[in-house]
Structures are given as structure tokens and as C-alpha cells.
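Structure first, then comments.
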Protein chains: 2
Amino acid sequence: MIRFVEMNSYTEENYLKSIYHLSLSNEESVSTNSIAAALNTKAASVTDMLKKLADKKLINYTKYQGVTLTEEGNGIAINIVRKHRLWEYFLVEKLNFKWDEVHELAEELEHITSAELVDRLDKFLNFPKYDPHGDPIPDNTGRIKKHELIPISALKDGDKGIIMGVREHTPVFLQYLEKMNLTIGKHIQLIEVVAFDASVILKVNKETVSLSRDAAKNILVTV
Amino acid sequence: MIRFVEMNSYTEENYLKSIYHLSLSNEESVSTNSIAAALNTKAASVTDMLKKLADKKLINYTKYQGVTLTEEGNGIAINIVRKHRLWEYFLVEKLNFKWDEVHELAEELEHITSAELVDRLDKFLNFPKYDPHGDPIPDNTGRIKKHELIPISALKDGDKGIIMGVREHTPVFLQYLEKMNLTIGKHIQLIEVVAFDASVILKVNKETVSLSRDAAKNILVTV
DNA sequence: ATAATTTTTTAGACTTATCTAAAAAAATGA
DNA sequence: TCATTTTTTTAGATAAGTCTAAAAAATTAT
């Protein structure tokens with residue numbers, strides 16, 4: 001008896017990916033509404049899809065209780081994340097796109113199915129560990145090398161750090177960081193947290209810059 | 001007033017591509033049945049889609065008369081062909097796939113939308129003129145450099161040629177050619193057309209090989 | 001603890017692309 | 001030419017994914 005590899009649609013993959021990302025920041029189970037917001041769709045549509053994914057045993061779902069990924073669902077989601085980040089790396093390193101231009105493109109490329117293609121791309125790129133935004137790239141067994149990163153907003157006066165990632169991937173934010181010279185690998189030192197509005201003043205390359213609390217929360221460093 | 005770029009679905013793109021390829025070998029307008037055969041679908045489905053594409057002015061369609069591409073439809077089709085062939089080139093030259101492995105993969109990649117990505121890929125690959133099967137790659141204005149190729153079956157005894165392309169892209173055929181050493185760039189000389197079955201005997205690298213008429217028809221050479 | 005609010009689900013409808021079966025038109029052939 | 005065959009189109013159904021509106025459950029607040 002021949003067994004076919006279960007194929008998941010483009011849409012199903014996007015749901016799994018969203019649930020995966022929401023799980024990371026939530027710890028708890030993921031709500032219908034949060035998925036709807038992430039995918040820019042309606043809660044009713046989400047409910048329909050959750051039933052479908054539960055039937056396929058890709059999520060654990062009980063009505064009104066939110067969802068978690070099953071092991072299989074998690075594996076599929078991580079594979080999509082792997083493809084997304086590898087393609088982003090390719091686009092920046094080989095095709096010279098800027099880091100704020102690649103997210104949208106990778107949203108399409110991540111759905112290309114062939115596992116062989118992904119593994120060869122990985123090899124061609126020399127098995128990169130992090131994507132252009134500092135996010136870790138899962139290896140072909142799904143393992144993720146994660147390092148301890150903290151937001152600049154958690155630093156104390158005088159603390160030093162190296163920028164290793166961002167929490168916010170919108171082009172407008174990334175372009176702003178680029179302009180401020182706050183890109184991956186840059187060494188920074190926190191000079192002062194302003195008491196008035198909790199904005200931060202820091203040094204990058206001998207220059208002093210000021211950042212809102214909100215911006216500081218979205219830049220991740222190693223200390 | 002803002003005008004959006006007309007987006008065509010994955011399916012619509014495949015229809016346009018099929019009509020394009022069928023037009024090349026047919027000269028005439030393309031029949032509903034031939035499209036159904038090419039896309040492995042039913043004539044009734046094709047009729048539905050033809051109406052839709054005609055509404056969008058991508059094809060010229062009158063009931064029972066077959067179809068031709070409009071200028072716009074042709075442009076879209078050529079762009080898909082461009083993407084397909086560039087990705088094939090990438091897969092073979094950069095990711096070390098074999099020429100019989102890339103067609104299926106490119107069928108997916110050809111639908112990635114970004115024009116910027118395609119142009120950068122083109123540049124990264126150094127503006128290749130032909131794909132791994134010898135098919136010409138349209139440039140970003142849609143221009144195709146075509147050379148005069150003739151099938152080996154049209155050669156006369158003693159004629160020499162260089163293999164520049166194939167008419168048949170199935171893995172089984174390409175693997176056969178690989179095994180016979182009949183790959184792109186190889187110099188061949190036709191020794192004899194066998195009277196009995198019109199099979200051909202030819203020389204490749206000092207070796208003598210025999211090919212069926214059918215195989216000979218599907219290998220293209222410059223003389 | 002119960003009323004008000006928010007979240008989630010259900011019910012029913014719409015769109016896209018597909019199908020089968022039957023009807024209509026075109027092509028073929030005696 | 002007129003009957004037969006082939007091709008194409010129409011009609012009506014189905015599946016996937018979405019939507020709105022309304023109902024049900026859960027949460028929050030008094």
C-alpha cells in the first residue's frame with residue numbers, strides 16, 4: 001500500500017505559521033481572534049480552518065479554548081520558517097536586496113515545496129545560522145539555535161551590547177534603524193534612560209542617538 | 001484615481017503559458033481540447049477559464065473557434081516562461097541539480113511574482129541566454145533570441161551538428177540522452193539513416209550510437 | 001452572582017476552479 | 001447532402017476558503 005505525503009495548502013501553511021509565531025510570544029494557547037488579526041481575516045474564517053487543521057491532527061483544538069500545535073503541526077511550521085529565513089538570506093546575500101525588502105518576497109518563496117531544493121539552497125548559502133534580521137534559521141531536522149537576547153529597553157545605564165536581532169520586521173522600522181546605524185552586529189552602549197518618557201540615549205560608533213521606549217523594546221542585543 | 005496592477009491567479013497563469021506553448025507548435029489558433037490535454041483537465045473546465053481570460057482581454061476567443069493570445073496575454077505568458085527558464089538555470093548552475101530534475105521545481109518557482117526579484121536573479125546569473133535544455137530565455141522586455149535549430153531527423157548522411165536543444169523535456173528522455181552522452185553542446189555527425197525504420201546512426205566523441213527516429217526528432221542541432 | 005461585554009462559533013451565502021452529463025455546433029465521410 | 005462522429009459549450013454540482021449576521025459561550029465588572 002502506497003502512502004502519500006500529506007499536502008497542505010498555501011492557506012493551511014499560513015495558519016500553522018501564524019499559530020507558531022503567536023505561540024512563541026504567548027506561551028499559552030493561541031486565541032481565534034489573535035490568529036484572525038495576524039492573518040488579516042475574520043474570526044469566523046479562523047474557526048473553520050481550525051476545525052480543518054484539527055481534523056488533520058496538526059493542532060490541538062477544543063471549542064472556545066484556543067489552540068496549540070501538535071508535534072506534526074509544529075514540524076510543518078518550523079519548516080516554513082526555515083524556508084522563509086533561508087530565502088531571506090539568499091535575497092540579501094546573493095541578490096543584494098536590503099533587509100527591509102525581503103520579508104514580503106520570502107512570504108511567497110516559503111511555500112515552495114521541495115525539501116531537496118531547500119537543503120541545496122542551505123548548502124549553497126553555507127548553512128547560515130541567522131537570517132538578515134538576526135532570527136535563527138532552523139536546520140533541516142528542525143533544530144533551532146537560539147541565543148539569549150534582551151531588548152535594549154531592559155538595559156541599565158552604562159550597559160553595553162551588540163545588536164543581534166529585531167522584534168519588529170516592518171520596512172518602516174527597519175529603514176529607520178538603517179538610518180540610525182542600528183543594524184545587526186553594531187556595538188552599542190546605553191548612556192541613559194530618560195526618566196520623563198523612558199526613552200533611551202545610547203552610543204553607536206561614538207555617535208549619540210536617542211530612541212523611544214517603543215523602538216528600544218524592539219531591538220535585541222547580547223550583553 | 002489609483003489603478004492596481006491586474007493580478008492573475010496561479011491557474012490563469014498556467015492557462016496562458018499552455019496557450020503560449022501550444023501556439024508555438026500550432027501556428028493556428030489553439031483548441032479547447034488541446035489545452036485540456038496539456039493541463040490535464042477537462043474541456044468543460046477549459047471553456048470556463050477561456051471566458052474568464054477573454055473577459056480580462058488576455059486572449060481572443062470566439063465560441064467554437066479556438067483561441068489566440070492578445071498582446072497583453074502574450075506578454076504575461078512570456079514573462080512566466082522567462083521566470084521558468086531563469087529558475088531552471090539557477091537550479092542547475094548554482095544548486096547543482098541535473099537537467100532532468102529542474103522542470104517540476106521551476107513549475108512552482110515560475111509563479112513567484114516579483115519582477116524585481118526576477119531581474120536581480122537574471123543579473124546574478126549573468127544574463128544567461130539559454131536554459132539547461134537549450135531553450136532561449138526571454139530578456140526583461142520579453143525579447144527572445146531564437147536560433148535556427150533543426151532536429152537530427154532532418155539531417156542527411158554525413159551532416160555535422162552541435163546539440164543545442166531538445167523538444168521533449170521528460171526526465172526519462174533527458175536521462176536517456178545523458179546516458180548516451182547526447183547533451184547540450186556536444187558535436188555529432190550523422191553517419192547513416194537506416195532505410196528499414198528510419199532510425200539514425202551517429203557519432204558522438206568518436207563513439208557510434210544508434211537512435212530511434214522518435215528520439216532523433218526530439219534532439220535539436222545547429223549545422 | 002448576575003448583568004454587560006467580549007470572544008468564539010454556527011448558519012447560510014459567495015467566489016474560484018473544478019467536475020459530469022447532456023446539448024449544441026462543427027467536422028467528417030459515405 | 002445528410003448522417004455520424006468529434007469537439008465544444010452549457011447546466012448544474014462540488015470543494016476550499018472566505019464573508020456577514022446572529023447565537024452561544026466565556027469573561028469581566030458591578
Side-chain angles (χ1 to χ4, degrees), chain A residues 4 6-19 22-23 25-69 73 76 80 107-108 110-111 113, chain B residues 4 6-19 22-23 25-69 73 76 80 107-108 110-111 113:
Chain A
F4 291 97
E6 187 73 26
M7 251 299 284
N8 304 292
S9 73
Y10 192 102
T11 310
E12 288 168 334
E13 291 191 347
N14 279 338
Y15 272 87
L16 293 172
K17 185 182 56 161
S18 278
I19 295 167
L22 291 167
S23 301
S25 34
N26 264 11
E27 217 49 62
E28 309 285 307
S29 77
V30 175
S31 74
T32 301
N33 259 1
S34 64
I35 298 170
L39 289 171
N40 201 18
T41 182
K42 295 291 144 70
S45 312
V46 174
T47 300
D48 288 345
M49 181 56 83
L50 294 184
K51 284 182 194 161
K52 195 176 160 192
L53 294 174
D55 283 349
K56 289 180 144 195
K57 307 231 190 296
L58 301 177
I59 60 174
N60 305 114
Y61 170 57
T62 32
K63 277 192 195 175
Y64 298 102
Q65 298 289 138
V67 295
T68 57
L69 292 170
I76 294 168
I80 297 164
E107 289 285 308
E108 261 188 273
E110 72 190 6
H111 299 288
T113 47
Chain B
F4 293 95
E6 188 73 28
M7 252 298 283
N8 303 291
S9 73
Y10 193 102
T11 311
E12 288 168 335
E13 290 191 348
N14 279 336
Y15 272 87
L16 292 173
K17 184 181 57 160
S18 278
I19 296 166
L22 291 166
S23 300
S25 33
N26 264 11
E27 216 50 61
E28 309 287 305
S29 77
V30 175
S31 75
T32 301
N33 260 359
S34 64
I35 297 170
L39 289 172
N40 201 19
T41 183
K42 295 291 144 68
S45 311
V46 174
T47 300
D48 287 345
M49 182 57 84
L50 295 185
K51 285 181 192 161
K52 195 176 160 191
L53 293 174
D55 283 348
K56 290 179 144 195
K57 306 230 190 297
L58 301 177
I59 59 173
N60 305 113
Y61 170 57
T62 32
K63 275 190 195 175
Y64 297 102
Q65 297 290 137
V67 295
T68 57
L69 292 170
I76 293 168
I80 297 164
E107 289 285 309
E108 261 189 89
E110 73 190 4
H111 298 288
T113 46

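A, B, ... follow the sequence lines: proteins, then strands. Residue 1 opens every chain. Side chains are part of it too, since the values below use all heavy atoms of this structure and drop only hydrogens, waters and symmetry mates.
- In this structure, the side chain of A/Glu108 engages the main chain of B/Thr113 through a donor-acceptor pair within 3.5 Å.
- A/Glu12 places a side-chain N or O within 3.5 Å of a backbone atom of A/Ser9 that can act as its donor or acceptor partner.
- For residues 29-50 of chain B, the side-chain hydrogen bond (donor to acceptor under 3.5 Å, both in side chains) pairs, not counting sequence neighbours, are B/Ser31-B/Ser34.
- As judged by a 4.0 angstrom heavy-atom cut-off over every strand, A/Thr11 is placed among residues touching the sugar-phosphate backbone only.
- The side chain of A/Lys63 lies closest to C/dT10, out of C/dC19, D/dT8, C/dT10.
- In this structure, the CD atom of B/Glu13 is 16 Å from the P atom of C/dT16, given to the nearest Å.
- Look at B/Asn33 and you'll find a side-chain N or O under 4.0 angstrom from OP1 or OP2 of D/dT8.
- What separates CD of A/Glu12 from C1' of D/dT18 is a distance of 14 Å, to the nearest Å.
- When rounded to the nearest whole Å, the span between CG of A/Asp48 and C1' of D/dA15 equals 13 Å.
- When rounded to the nearest whole Å, the span between CG of A/Asp55 and C1' of D/dA16 equals 14 Å.
- Atoms CD1 and CG, from A/Ile59 and A/Leu53 in turn, are 5.0 Å apart once rounded to the nearest 0.5 Å.
- In this structure, B/Lys42 does not reach the C/dT18 phosphate: none of its side-chain N or O atoms is under 4.0 Å from OP1 or OP2.
- Using a 4.0 Å cut-off, some side-chain N or O of B/Tyr61 falls inside it from OP1 or OP2 of D/dT9.
- DNA chain C is contacted by both B/Ala44 and B/Met49; B/Met49 maps to the nucleotide lying nearer its 5′ end (nearest heavy atom per residue).
- Atom-to-atom, CG of A/Leu50 to P of C/dT7 comes out at 16 Å; the value is rounded to the nearest Å.
- Of all non-hydrogen atoms in A/Ile19 and A/Ser23, the two that sit nearest each other are O-OG, 2.7 Å.
- The side chain of B/Thr47 lies closest to D/dT9 when the candidates are C/dT9, D/dC19, D/dT9.
- Toward the 5' end of DNA chain D, the nearer of the two residues A/Thr41 and B/Val30, judged by each one's closest nucleotide, is B/Val30.
- No engagement by A/Tyr10 is indicated, since no non-hydrogen atom pair under 4.0 Å with the nucleic acid exists.
- Comparing B/Gln65 and A/Tyr15 against DNA chain D, the residue whose closest nucleotide sits nearer the 5' end is B/Gln65.
- Phosphate contact (OP1/OP2 of D/dT9, side-chain N/O of B/Thr32, threshold under 4.0 Å): present.
- Look at NZ on A/Lys51: it is 10 Å from C1' on C/dA11, rounded to the nearest Å.
- Dashed line: the shortest gap from a side-chain N or O of B/Tyr64 to OP1 or OP2 of D/dT10 is not under 4.0 Å.
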